[in-house]
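Here's the structure, in structure tokens; my notes come after.
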Amino acid sequence: MASLLEEDRGAVISGEILAWGRKRSGLQGFAAPTRKNIWRTKNPASFVPGEGTQQTSTDLWTFLNIYGSIRCRGIDLNAQHTISPRITMNRNKREKEYYSIDVGDSTFTVLKRYQNLRPIGSGAQGIVCSAYDHILEKNVAIKKLSRPFQNQTHAKRAYRELVLMKCVNHKNIIGLLNVFTPQKTLVEFQDVYLVMELMDANLCQVIQMELDHERLSYLLYQMLCGIKHLHAAGIIHRDLKPSNIVVKSDCTLKILDFGLARTAATGLLMTPYVVTRYYRAPEVILGMGYQANVDVWSVGCIMAEMVRGSVLFPGTDHIDQWNKVIEQLGTPSQEFMMKLNQSVRTYVENRPRYAGYSFEKLFPDVLFPADSDHNKLKASQARDLLSKMLVIDASKRISVDEALQHPYINVWYDPSEVEAPPPLITDKQLDEREHTVDEWKELIYKEVLDWEERSKNGVIRGQSASVAQVQQ
């Protein structure tokens, strides 16, 4: 899914950038950084200011001015608030009217409550634009699913994304605010629009900034919390990458998508399709069985990139990806080789053998920020965590729970975040289901209608009943 970041559009965040970091119990004396040292860029010369923009410093304030962001006005959905009589009186008229507007190369037909649409990204699964929601009085992101009924694969992925977004409720997973279609019948049904929270930047931009240990460890902690929540619902991601992880200027992090369906996972000997594989675990690349800590490998690759400022394993395809891994980490043991199917094992065993490098060589102290005086976070701890995440043999790799307890991460540990109630996924065979395109289309249409019915009854995640009712 494309990043929910408006790039090169000239809109900027107004108001103060919040300091990255927070106090938690057990973190006495933690001083929040000032705006001057937020997100200092590793390579300010790489920034190209947009028209009418002046590059005056290298902090996040300048970064977001250069790359553009969305002014996040409006209400906290969890806060108590009142609804103006004008909005109440006009809600039915506003909700039932649609208008069409060209956004980039696509036409969006959306509810009139959504105005000021601007394109902010596109990907295989859809086109995303920012918009201002006049009912919630805040900027949002609207994703138009790209030709969801062109084939079974697209239709299945659209259904899976919609079902999971409706069920998952965690502060580190992107929130679904609305679902709609302008078509009125199943026969006409062609377009699905998902309305989500709008964030400020994706992790691709953050990687180019110098982070102190507090910010780096806090970002990792939130990734792990979001992953643990998905795992609690039986969702193993397998495709985490910086472009699908987004942040706000206060260091809040959210995961955007739900990764690969089980039937979409491909192995080394299968025909590759064009996606980024830099962060995929060896067991996914090699077509092996996998367990929950498959996602820990991805977090390790992302962490390594945040430390180094460049991709750790930049493979051009499946085979080159594997070569990049073993060149740096070394050829795995014979014990690991015996877990591969015969054809893959033959290929892997015939590759040149590599001794690999120690983690001290791969990640020397000079790559890390200065040791933290407040939380006693050190380069040695970060390197130790990397060495436990980036283990080729999944049976010897650290688990998500173990990573959350690691000294580099557990300074942020909050049971309400780590042990949040798991989402209730009613469709236990979601990844295994197979249908015709027309059957998928009917299932998706029913999910859209279900959302409309639930919102009428005030059963919308993160919203009071009064707000949910106003949406309809």
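Every value quoted in this text rests on a predicted model; they were computed, and no experiment measured them.
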Full working for side chain to side chain contact (heavy atoms under 4.5 Å, CB included) between Q152 and K156: CA-CA 6 Å; Q152 288 175 297; K156 178 174 182 175; 6.0 Å; no
Strictly distance-based, threshold 3.5 Å: is any side-chain N or O of R113 a donor or acceptor partner for the main-chain N or O of H134? no
Report the distance from atom CD1 of I101 to atom CZ of R118, rounding to the nearest 0.5 Å. 10.5 Å
Donor-acceptor pair, N293 side chain versus V400 backbone, under 3.5 Å? no
How many angstroms lie between CD1 in I319 and NZ in K324, if you round to the nearest 0.5 Å? 12.0 Å
I'd like to know if E161 pairs up with R157 as an ion pair, taking the criterion as any Lys NZ or Arg NE/NH1/NH2 lying under 4.0 Å from an Asp or Glu carboxylate oxygen. no
Among K254, E197, M199, which residue meets the side-chain contact (heavy atoms from CB on, under 4.5 Å) test with K248? M199
Would V195 and V179 count as a side chain to side chain contact (heavy atoms under 4.5 Å, CB included) if you check the C-alpha gap in whole Å, the side-chain angles of each, and the deciding distance to 0.1 Å? CA-CA 6 Å; V195 183; V179 180; over 6 Å; no
Establish, from distance only, whether the side-chain atoms of D295 and H231 form a donor-acceptor pair under 3.5 Å. yes
Salt bridge present between R280 and D239 (N-O < 4.0 angstrom): yes
Kindly say whether H154 contributes a backbone atom to a donor-acceptor pair with the side chain of N151 at under 3.5 angstrom? yes
Are Y445 and W440, when compared by the centres of their aromatic rings, separated by less than 6.0 Å? no
Closest approach of G300 to L390 (non-hydrogen atoms, all atoms of both residues): C-CD2, 3.7 Å
Identify whether the distance between the nearest side-chain nitrogen and carboxylate oxygen of E283 and R397 falls below 4.0 Å. yes
Look up atom CH2 in W451 and atom OG1 in T181, then write down how far apart they are to the nearest 0.5 Å. 15.0 Å
Strictly below 4.0 Å, N to O, side chains only: are K138 and D133 in salt-bridge contact? no
Taking 4.0 angstrom as the limit, do D317 and R277 come out as a salt bridge? no
Step by step, would you call I245 with N202 a side chain to side chain contact (heavy atoms under 4.5 Å, CB included)? CA-CA 6 Å; I245 299 173; N202 69 26; over 6 Å; no
Please enumerate all residues that pass side-chain hydrogen bond (donor to acceptor under 3.5 Å, both in side chains) together with E402, with sequence neighbours excluded. S399
Between P314 and D320, what is the shortest heavy-atom contact and its length? O-OD2, 4.0 Å
So K143 and I127, do their side chains get closer than 4.5 Å, heavy atoms only? no
Is the F313 to Y279 ring centre distance short of 6.0 Å? no
Rounded distance [0.5 Å steps], OG in S298 versus CG in N244: 11.0 Å
Answer whether the closest heavy-atom distance between the side chains of K112 and Y98 falls below 4.5 Å. no
Flag, side chain of H237 to backbone of D257, donor-acceptor distance under 3.5 Å: yes
Checking the side chain of S217 only, and the main-chain atoms of E214 only, is there a donor and an acceptor separated by less than 3.5 Å? yes
Find out whether V448 and L162 are in side-chain contact, i.e. whether some heavy atom of one side chain is under 4.5 Å from a heavy atom of the other. yes
Do L230 and I236 have side chains that get closer than 4.5 Å, going by heavy atoms? no
Under a 4.5 Å cut-off applied to non-hydrogen side-chain atoms, are V103 and C129 in contact? yes
Run the numbers on T436 and D438 for side-chain hydrogen bond (donor to acceptor under 3.5 Å, both in side chains), then give the verdict. CA-CA 5 Å; T436 65; D438 286 341; 5.5 Å; no
To the nearest 0.5 Å, how far apart are CG in L220 and CG in L385? 7.0 Å
Are V284 and V294 close enough that some pair of their side-chain heavy atoms sits under 4.5 Å apart? yes
Cut-off 3.5 Å, side chains only: do D250 and T252 have a donor facing an acceptor? yes
Write down the atom of L404, the atom of Y413, and the distance for their closest heavy-atom approach. O-CD1, 3.8 Å
Give me the atom names and distance for the closest heavy-atom approach of Y218 to C251. CD2-SG, 3.2 Å
Any donor and acceptor pair, going by atom type alone, linking the side chain of N341 with main-chain N or O of V344 inside 3.5 Å? yes
Check whether H406 reaches the backbone of I409 with its side chain - one donor and one acceptor, N or O, closer than 3.5 Å. no
Yes or no on salt bridge (charged side-chain N to carboxylate O under 4.0 Å, His left out) for K446 and E442, after CA distance, side-chain angles and deciding distance? CA-CA 6 Å; K446 287 179 179 178; E442 184 174 358; 3.7 Å; yes
Tell me, with the steps shown, if C225 and N172 meet side chain to side chain contact (heavy atoms under 4.5 Å, CB included). CA-CA 7 Å; C225 284; N172 298 127; 3.4 Å; yes
Does the pair S100 and T107 meet the rule for a side-chain hydrogen bond (donor to acceptor under 3.5 Å, both in side chains), with working shown? CA-CA 7 Å; S100 296; T107 299; over 6 Å; no
Under 4.5 Å between any side-chain heavy atoms of L145 and D191, yes or no? no
Answer yes or no: is there a donor N or O on one side and an acceptor on the other, between the side chain of Q183 and the main chain of F189, under 3.5 Å? no
Against the six-membered ring of Y193, is K144 placed for a cation-pi contact (under 6.0 Å from the centre, within 45° of the normal)? no
Do N410 and Y221 meet the criterion of a side-chain donor-acceptor pair at a distance under 3.5 Å? no
Side chain to side chain, E439 and Y159, heavy atoms closer than 4.5 Å: no
Charged N to carboxylate O under 4.0 angstrom, E305 versus K241? no
Nearest-0.5 Å distance that lies between atom CG in L312 and atom CD in Q328: 5.0 Å
Looking at every non-hydrogen atom in both residues, tell me the closest pair between P119 and G104 and how far apart they are. CG-N, 4.5 Å
S249 and D200: which non-hydrogen atoms are nearest, and at how many Å? N-OD2, 3.0 Å
Specify whether W322 and F336 have parallel, tilted or perpendicular ring planes, treating 30° as the upper limit for parallel and 60° as the lower limit for perpendicular. parallel
